[in-house]
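For ligands, and for the atoms within them, numbers begin at 1 and follow the listed sequence. Everything quoted here is computed from the prediction, not taken from an experiment. The residues of the chain are indexed from 1 along the displayed sequence. Side-chain atoms are counted along with the backbone in the values below, which use heavy atoms only and exclude waters and symmetry mates.
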Amino acid sequence: MISENLRNIQASIPSHVTLVAVSKTKPVVALMEVYNAGQRVFGENKVQEMCEKYDVMPKDIQWHLIGHLQTNKVKYLAPFVALIHSVDSFKLLQEINKQALKNNRVIDCLLQFHIAQEETKFGLSENEASELVLSNEFKLMKNVRIVGVMGMASFTEDNESVRNEFQSLKKIFTNLKNKFFSKEDCFKEISMGMSGDYLLAIEEGSTMVRVGSSIFGAR
Ligand SMILES: *Cc1c(COP(=O)(O)O)cnc(C)c1O
């Protein structure tokens, strides 16, 4: 039962950690089951799919974009997205700022970091993030707000390397916080942990876990 899965996971998560129910590929009926059990934060990795679900579902849902975002698609989600987890380039952040302005909004974003051993994952390095944050162009962006960091660990059974990767993201977060965001209370989120590793991620300081298959079943 989906709603039972949700309850079990909620029970295992401390109250300061936000649960993002990752609903990609799942039908609206499944999302509604989770919604009716009280869940209001949903994560999708494709823009079109998120927009289609947004259109038909209740309007008190917070939609999080967790997958790689192409600049030419930002305009579709800018009217309603609550948080973009996957900012991995300056160009993308510029476009989000531009589309947010058009919609008279400030869009919350996380900087995505490459923490996994695997080559395929998107994300910034700490140096790239520092450059971005220090740039004059960034200081002029009034319609985006950086509220933290996001990362994906390697897909492996080796808990120690996963733990190391989570620790490296926590360290990046702390460095950025101290250097650039010490006066900004809103910079507080560390989005890490999925179905297989969210408890480990919470041990290492996660404030936001993205859980899909443990709620909705395998994809
Ligand atoms: C699919 C996905 C998840 C959820 O994965 P599960 O293993 O099903 O919990 C989390 N984060 C991102 C970025 C994803 O693409």
Under the ring pair (Phe, Tyr, Trp, His ring centres under 6.0 Å) definition, can you give me all pairs with a residue in residues 171-208, not counting sequence neighbours? F173-F187, F181-F187
Ring pair (Phe, Tyr, Trp, His ring centres under 6.0 Å) partners for F42, two or more places apart: W63
Considering residues, nucleotides and ligands other than D60, do more than 12 of their heavy atoms fall under 6.0 Å from its CG? yes
Heavy atoms of other groups near K59 NZ, more than 12 under 6.0 Å: yes
Those residues that, when tested against E165, pass salt bridge (charged side-chain N to carboxylate O under 4.0 Å, His left out) (two or more places apart): none
Name each N or O atom in ligand 1 that is under 3.5 Å from a protein N or O, and give the partner atom and the distance.
from: ligand 1; atom 1: 8 (O); to: S213; atom 2: N; distance (Å): 2.8
from: ligand 1; atom 1: 8 (O); to: S213; atom 2: OG; distance (Å): 2.9
from: ligand 1; atom 1: 8 (O); to: R219; atom 2: NH1; distance (Å): 2.8
from: ligand 1; atom 1: 8 (O); to: R219; atom 2: NH2; distance (Å): 3.1
from: ligand 1; atom 1: 9 (O); to: S195; atom 2: N; distance (Å): 2.9
from: ligand 1; atom 1: 9 (O); to: S195; atom 2: OG; distance (Å): 2.5
from: ligand 1; atom 1: 9 (O); to: G212; atom 2: N; distance (Å): 2.8
from: ligand 1; atom 1: 11 (N); to: R210; atom 2: NE; distance (Å): 2.9
from: ligand 1; atom 1: 15 (O); to: K24; atom 2: NZ; distance (Å): 2.7

No-hydrogen, no-angle side-chain donor-acceptor test under 3.5 Å, T207 and E189: yes
